[in-house]
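Working notes, structure below.
Ligands are counted one by one from 1 in listed order, and the atoms in each one are counted from 1 as well. FYI, the numbering just counts along the sequence from 1.
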Amino acid sequence: MEDNLNLYNTLTRKVERFIPNTPGKVKMYTCGPTVYHYAHIGNLRSYIMEDVLEKFLRFSGYEVKRVMNITDVGHLSSDADTGEDKMLKGAKREHKTVMEIAKFYTDAFFSDCAKLNIKIPDVVEPATNCIADFIHMIEGLLKKGYAYQAGGNIYFDTSKLSEYYVLGNQNAEELAVGVRESVTEDENKRSKTDFVLWFTKSKFEDQELKWESPWGVGYPGWHIECSAISIKHLGDTLDIHCGGIDNAFPHHTNEIAQSESYLGHKWCNYWMHILHLNDSTGKMSKSKGDFLTVSLLKEKGYDPMVYRMFCLQSHYRKPLVFTYEALDNMVSAYNKLVVRIAALEENVEENMEGEREKLAQFCAQFLEAMNDDLNTSQAMTVLYDMLKTEANDATKLAAVDMFDEVFSLGLLDAAKRMKEERSGAGLDEEIVGFIEQKIAERKEAKKAKDFARADAIREELAAKGIAIKDTREGTIWEKM
Ligand code: AMP
Ligand code: ZN
């Protein structure tokens, strides 16, 4: 098979042809959630775009093995190994044990993923399952002289590397990420960029999860988790590693440092980072306390598919600002799309001449958009344009089905549900078309502040036994 995907690689800072080590096979690693709280919709933007990448690779014909860790130990409140363990913080907040918290929020994470049609990776590995692997890797690093013991902890010695900042030039501001939560610098470190591989001296006496190790009872640092879990399941080389952009430094930088020092060769060829979802006050983050979850969106009446479409309509390498207004617009875009698909007839008795070529052409346009650094919004445009063509309905339905293998917007199911609801309501297509036309006219009238006309339309529909209701998601109607 041909390798046609062009992807931005944070490591080389350019768009490059993605060529896996073994032809046709991709080893993919994704940093998983820290399960001390619900995932917010910002985290889920990253997981949606990683899901799109995985599905697009499969769509293109690659065999993909994807691994994800679950961070249930070692991630401190500052990414630079200081502050309180996030899991402990969660346990204290909810008066539960760390493992209860981990179980609850791991389940919650996968339930959010299911709502958003995010596929579960082939391997999901909680860090607490792999303590022996971490110890083994740390021993290797000590033996090779890349690590040292100080004040009871084991640190990675970044001075041993010819180049540490491989993922871009970090400036003082970016470095400050590591100390953002007003924590004091660790005096045991020989240099500021060194990081902890194994803690035995926790500032917190009540640190719940501890394991025996050659260096005393303690627990692993966060960064070693991803290196060791990746090597355990994917071997000594990795094709692509993904995560949100905040993970590029220090987390991924440290992963590269320790993996390549341990292995003695280049580890991962491509690094994909998803830019952040921001709200009006800046980056959405769990530590801010008040954050948006997919369940909250659902409670407010938003279909999670609308949020997925909101993410697909922007490029993963651009920051995305969340507002309810933008989401409301997406509700109406999603509904309109589903209405259009629902209007397609499955069993068209039309001439199939040339339809195969048309479908192949649609597929080629879709591939072209997606191969251009996963240009999902362009791929959505291909979908819209395809619906406008003269192709017959069966071909259009086949194209929707094909594109949705990657988009995963549940388009055919939603269209089917819409059709069923209508036939359940005992209304034929013509009447439904009339109602929708009237609702559109009323919207225009309201926009033009012609409220008398808007009310007249409401009454006209009421006279036909149709009640309309204005909701946050737009105007809906039902039989009275
Ligand atoms: P965490 O659970 O904090 O370890 O983060 C899980 C994933 O979400 C990581 O890949 C982060 O880089 C990513 N992430 C965190 N905040 C955001 C955000 N506001 N927008 C997009 N991705 C994010
Ligand atoms: Zn990671």
Side-chain angles (χ1 to χ4, degrees), residues 10 28-51 53 67-79 83 85-87 89-90 101-102 105-106 108-110 112-113 116 118 121 124-127 130 134 167 177 180-181 195 220-234 238 240-259 267-268 271-288 291-294 307 310-311 314-322:
T10 318
M28 175 175 175
Y29 186 87
T30 313
C31 291
T34 308
V35 285
Y36 73 113
H37 219 321
Y38 291 108
H40 55 63
I41 58 170
N43 301 128
L44 291 163
R45 178 190 192 199
S46 288
Y47 294 112
I48 287 170
M49 299 319 289
E50 290 157 356
D51 182 62
L53 170 70
V67 177
M68 182 194 272
N69 67 307
I70 296 289
T71 301
D72 53 3
V73 67
H75 193 172
L76 306 193
S77 59
S78 143
D79 287 354
D85 184 305
K86 291 190 181 194
M87 293 304 298
K89 204 164 146 182
I101 288 287
Y105 288 110
T106 302
F109 172 71
F110 286 114
D112 286 347
C113 287
L116 289 161
I118 297 172
V124 175
E125 183 81 278
C130 303
F134 307 150
L167 288 175
V177 171
R180 66 188 167 204
E181 294 197 16
F195 54 92
W222 172 38
H223 316 297
I224 195 78
E225 288 179 14
C226 289
S227 291
I229 291 174
S230 174
I231 292 169
K232 176 176 180 183
H233 292 288
L234 296 168
L238 181 59
I240 185 156
H241 193 309
C242 316
I245 190 67
D246 59 315
N247 280 168
F249 183 83
H251 185 49
H252 293 161
T253 305
N254 292 349
E255 278 188 44
I256 294 171
Q258 64 204 358
S259 298
W267 175 49
C268 177
W271 289 81
M272 178 200 186
H273 289 105
I274 294 98
L275 270 286
H276 283 147
L277 180 82
N278 299 316
D279 58 21
S280 50
T281 60
K283 180 195 160 206
M284 199 167 281
S285 82
K286 292 185 205 176
S287 50
K288 277 191 189 167
F291 56 80
L292 261 173
T293 61
V294 74
Y307 179 65
F310 176 68
C311 293
S314 83
H315 196 256
Y316 76 91
R317 262 194 313 126
K318 290 197 180 119
L320 179 59
V321 178
F322 177 84

Under 3.5 Å, is there a donor-acceptor pair linking the side chains of Y105 and D72? no
May I ask you to decide if F109's main-chain N or O and D112's side chain share a donor-acceptor pair within less than 3.5 Å? no
For E255, what residues pass the side-chain hydrogen bond (donor to acceptor under 3.5 Å, both in side chains) criterion, not counting sequence neighbours? H241, H251
Short question: side chain of H315, backbone of K318 - any donor-acceptor pair under 3.5 Å? no
Please produce the table of protein N or O atoms sitting under 3.5 Å from N or O atoms belonging to ligand 1, one pair a line, distance to 0.1 Å.
residue	atom	partner	partner atom	Å
ligand 1	2 (O)	T34	N	2.9
ligand 1	2 (O)	K286	NZ	2.9
ligand 1	4 (O)	T34	OG1	2.9
ligand 1	5 (O)	N43	ND2	3.4
ligand 1	8 (O)	N43	ND2	3.0
ligand 1	10 (O)	G244	N	2.9
ligand 1	10 (O)	N247	OD1	3.2
ligand 1	12 (O)	G244	N	3.1
ligand 1	12 (O)	D246	OD1	2.4
ligand 1	12 (O)	N247	OD1	3.3
ligand 1	14 (N)	N43	ND2	3.4
ligand 1	19 (N)	L277	O	3.1
ligand 1	19 (N)	M284	O	3.0
ligand 1	20 (N)	G42	O	3.3
ligand 1	20 (N)	L277	N	2.9
ligand 1	22 (N)	G42	O	3.1
ligand 1	22 (N)	S46	OG	2.8

Ring pair (Phe, Tyr, Trp, His ring centres under 6.0 Å) involving Y316 - partner list, sequence neighbours excluded: none
To 10°, measure the SG(C31)-the Zn ion (ligand 2)-NE2(H251) angle for me. 120°
Does Y38 have any side-chain hydrogen bond (donor to acceptor under 3.5 Å, both in side chains) partners at least two apart in sequence or in another chain, and if so, which? none
